[in-house]
There are 2 protein chains.
Amino acid sequence: MISKKTKYAINALVFLAKRNGEGPIIISEIADKEHIPRKFLESILLNLKKAGILASKKGKGGGYYLLKDPNEINLADVMRLFDGPIAFLPCVTYKYYERCEECKDEETCGIRDVFFEVKKKTVELLKQASLSEIIKRENRLITLL
Amino acid sequence: MISKKTKYAINALVFLAKRNGEGPIIISEIADKEHIPRKFLESILLNLKKAGILASKKGKGGGYYLLKDPNEINLADVMRLFDGPIAFLPCVTYKYYERCEECKDEETCGIRDVFFEVKKKTVELLKQASLSEIIKRENRLITLL
DNA sequence: ATAAAGTCTATAGATCAGGTAGACTATTCT
DNA sequence: AGAATAGTCTACCTGATCTATAGACTTTAT
């Protein structure tokens, strides 16, 4: 399961993507509209800014806005930012690789082989899931109602 | 990431599967060979027994052994037993379904749509990963060396 | 009887998730 | 200049969960 932090981050990003181009949007508005505890959201947005995904403007008329294109922000990146590796085992992650202590031989580990495949497919699907893609799906689901 | 508990459970099960038919194997042997803390392993095996996957025999000559066929024990079931749902969101799980508090409309949620697809594929792959399958993969990896 | 082996109950340290509080800094408008 | 607005930073708290460990108890084979 992803953490609430990640879930809130995704919701906030989709919200900002929908209003992309309208200029800065204040934290309180995002918090209210997306039902996210305000102070908690603060630190989330700060992280997204540090990661180069969002930018902010201080003072009156300020707020947060997307720095990158909605096509280029995907769920895999956001999840990794807040929850760390997506894989089920440390020995099949790319950036956070760690050997399993109790493992006898990684090269011939059947368990690892399975989890590598799972991770590969998962990352593939999550990379495709950009903010634009999410919004596109939402619109498609609405037309199906 | 899966918990150590789940990882240990999988290792113990694969170990037992390899020696299926040899009669009961004592906790200490599994703990030693698989490098699992003995007392921790105890409670894990007890859970697997309660779930109907393992059986045990007390007293001298006792130990644990598989109750089900190695084909019928898969990673999806084991993971669910110890770590709960496999999905990334509570709203796309089957058995543990829960609505996302902050969600406005589940029916048209693009985020949910993506995570549903991810979960579907993941469960599919993990269901195929039976103990027999894991051992088969291990043997194949050995021949490739 | 005795040794072997699983079972049950309790506990403990460490880490982390989720959230709150408040002071501080930068910017804009009048 | 000064008030209002809005993000930034530091610190803290509470409860849950993970990863074990300890020890007494029960069952069984010889």
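The sequence lines fix the lettering, A, B, ..., with proteins before strands; numbering per chain opens at 1.
In this model, no donor atom of one side chain and acceptor atom of the other lie less than 3.5 Å apart for A/N74 and A/S130.
Contacts of A/K7 with the nucleic acid, taken as non-hydrogen atoms under 4.0 Å apart, are absent. Within 4.0 Å (heavy atoms only), A/I27 reaches sugar-phosphate atoms of the nucleic acid but no base atom. Residue A/K50 is classed as having no contact, given no heavy-atom separation below 4.0 Å to the nucleic acid. Base contact: B/K39 has a heavy atom under 4.0 Å from a base atom.
Contact check on A/K121 versus A/E117 returns no salt bridge, with no Lys/Arg side-chain nitrogen under 4.0 Å from an Asp/Glu carboxylate oxygen. Ion pairing of B/E22 with B/R19 is present here, as a side-chain N (NZ or NE/NH1/NH2) and a carboxylate O approach within less than 4.0 Å.
Looking at the side chain of A/K58, the nearest of the listed nucleotides C/dA26, D/dT5, C/dC8 is C/dA26. In this structure, the nucleotide among C/dG6, C/dG19, D/dA20 sitting nearest to the side chain of A/Y8 is C/dG19. Set against C/dT20, C/dG6, D/dA29, the side chain of B/Y64 has C/dG6 as its closest nucleotide. Listed nucleotides: C/dT7, D/dG7, C/dT20. Nearest to the side chain of A/P37: C/dT20. For B/K5, taking side-chain heavy atoms from C-beta onward, the closest of the listed nucleotides C/dT7, D/dT19, D/dA29 is D/dT19. Side-chain proximity of A/L46 to C/dG18, D/dT8, C/dC29: nearest is D/dT8.
Rounded to an integer number of Å, the gap from A/K49 NZ to D/dC9 C1' is 12 Å. Summarising the geometry, the separation between NZ on B/K4 and P on C/dA14 is reported as 16 Å, rounded to the nearest angstrom.
Residues A/R38 and A/I27 meet the side-chain proximity criterion, which asks for heavy atoms closer than 4.5 Å.
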